[in-house]
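Structure, as structure tokens:
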Amino acid sequence: MDPEPVVSTGTGDTATGDEAAEHFHRASGRILDLISTVIDGKAEAARLALTVLLAEGHLLLEDVPGVGKTMLAKTLARTIDCSVNRIQFTPDLLPTDVTGVSIFNQASGQFEFRGGPVFANIVIGDEINRASAKTQSALLECMEEHQVTVDGNSYILGEPFMVVATQNPIEMEGTYPLPEAQRDRFMARISMGYPDTEAEIEMLQTHQSVSPLDDVKPVISSEEAVAMIDFVRNVYAAPAVKEYVVALGQATREHHQLRLGASPRALLQLLRAAKASAALSGRDFVLPDDVASVAGAVLGHRLILDRKAASAGESPSTVLESILAKLPVAPGGRRNEQHR
């Protein structure tokens, strides 16, 4: 049997696998509990948001106005003691307003780079589809490569780094739909939906006089967040699970109702999200159920229907559900003892 791995806890100490797992579960529990005090009745959305953060992805919150998209983004950001910047996307926003610009310093006689709001651990992009495609494209490099290139010089972004963007899908006036290349950079898309009756009554009782965000204080440090991300990276995925992920991707590419299926990047992000979901469920190995549980959020916004399916009232979500229902699950997803 292999020796138990040694993992950082994010506090400068090291811990064995069991101690790291216990630290991970305590920290993730504190984050989810704190989010639940602000966002009523949306435990699944909060869990998915944390899943994306731990899987080193970016999150797109897409829903009608007033359901708490920006509130969820702000709450998740405030649970971590790290730098947070918010960008209000508008039609007149320029790419340099996002990435930064080189300014001539008369005293030194040289150009100096002044970083934009993207230089933060968590970047909240509010109403991202209100900016032009040119400005939206300013996020492509930083979301994929965690760096910004200005005037031929590249600047590395800090870790962790996550973009949380919101958009309203029903408002067309003054908006610029996200191109497929931009949507593919987001690991997952979440639709908040309306709260249930009890949650809405609770909101009316508790959110009248003060904002619940006022009481949100960080419960983990940025170093602990990085350690939790490292823990997720070490979650085991058996070959059978990887084959299941690839089979799911191929099924979306071959489905007669889909014009565009899942990209290789989408499958990489699907496995990362499944690892984070498994870790949040208290396991150090991935099951096919973990893949299926996050497939809708990770793949739904990447799939494009053909015209016939769209005119028939189908949606990418319903097509994906039918694929998952028919896709056989290969045995061997559970981690074998020799890998422990």
Side-chain angles (χ1 to χ4, degrees), residues 7-13 15 19-61 66-88 115 117-126 157-166 188 190 192 195 198-232 276-277 279-282:
V7 183
S8 170
T9 63
T11 59
D13 301 324
E19 292 171 339
E22 184 179 352
H23 180 82
F24 177 92
H25 298 316
R26 284 200 309 266
S28 59
R30 291 197 302 269
I31 294 173
L32 293 175
D33 289 344
L34 188 55
I35 293 176
S36 68
T37 65
V38 179
I39 309 295
D40 296 310
K42 294 299 174 185
E44 184 61 27
R47 191 179 191 275
L48 274 170
L50 180 57
T51 298
V52 173
L53 171 64
L54 297 175
E56 303 175 86
H58 308 288
L59 180 64
L60 179 62
L61 297 170
V67 294
K69 301 186 298 295
T70 305
M71 185 73 77
L72 175 59
K74 287 183 176 180
T75 306
L76 177 64
R78 290 194 183 189
T79 61
I80 304 171
D81 188 12
C82 64
S83 58
V84 180
N85 282 334
R86 180 177 180 271
I87 306 172
Q88 182 64 55
V118 77
F119 284 86
N121 294 118
I122 298 180
V123 179
I124 301 173
D126 205 11
L157 300 173
E159 296 294 340
F161 176 72
M162 180 184 187
V163 174
V164 184
T166 70
I190 297 178
M192 299 284 291
E198 292 183 2
E200 206 153 14
I201 292 174
E202 179 68 18
M203 179 194 70
L204 294 177
Q205 291 176 342
T206 59
H207 296 188
Q208 283 291 322
S209 57
V210 295
S211 170
L213 275 174
D214 295 340
D215 296 327
V216 176
K217 305 297 181 186
V219 293
I220 65 169
S221 65
S222 59
E223 291 79 12
E224 288 176 295
V226 170
M228 293 174 72
I229 291 171
D230 288 338
F231 180 86
V232 168
S277 179
L280 289 173
S281 298

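Everything numeric here is computed off the predicted structure, so don't read it as measured data.
When all heavy atoms are compared, the tightest approach of A188 to V52 is CB-CG2, 3.6 Å. Nearest heavy atom pair, residue A27 against residue M228, reads CB-SD, 3.7 Å. Taking both residues in full, the closest heavy atoms of M192 and A45 are given as SD-CB, 4.1 Å, listed atom of the first, atom of the second, then distance.
Listed by chain and residue number, A120, N121 satisfy the side chain to side chain contact (heavy atoms under 4.5 Å, CB included) test with S83 (two or more places apart in sequence, or in another chain). Residues passing the ring pair (Phe, Tyr, Trp, His ring centres under 6.0 Å) test with F119, sequence neighbours excluded: F113. By the side chain to side chain contact (heavy atoms under 4.5 Å, CB included) test, A279 pairs with F24, F231, V232, V235, sequence neighbours left out. Contacts of S28 classified as side-chain hydrogen bond (donor to acceptor under 3.5 Å, both in side chains), with partners at least two apart in sequence or in another chain: none. With sequence neighbours left out, S36 forms a side-chain hydrogen bond (donor to acceptor under 3.5 Å, both in side chains) with no residue at all. Applying the side-chain hydrogen bond (donor to acceptor under 3.5 Å, both in side chains) test to E159 and every residue at least two apart in sequence or in another chain returns H146. Listed by chain and residue number, E22, H23, R30 satisfy the side chain to side chain contact (heavy atoms under 4.5 Å, CB included) test with R26 (two or more places apart in sequence, or in another chain).
Taking 4.5 Å as the limit, every side-chain heavy atom of D215 sits out of range of all side-chain heavy atoms of T37.
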>> Would H58 and F161 count as a side-chain contact (heavy atoms from CB on, under 4.5 Å) here? Give the steps.
In response: CA-CA 9 Å; H58 308 288; F161 176 72; 3.8 Å; yes
> L54 and L280: side-chain contact (heavy atoms from CB on, under 4.5 Å), yes or no, with the steps?
Replying inline: CA-CA 10 Å; L54 297 175; L280 289 173; 3.9 Å; yes
Side-chain donor-acceptor contacts of residues 73-80 below 3.5 Å, not counting sequence neighbours, with atom names and distances?
residue: T75; atom: OG1; partner: M71; partner atom: O; Å: 2.7
residue: R78; atom: NH1; partner: L213; partner atom: O; Å: 3.0
residue: T79; atom: OG1; partner: L76; partner atom: O; Å: 2.7

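Distance NZ/K217 to CG/L34: 10.5 Å, rounded to 0.5 Å.
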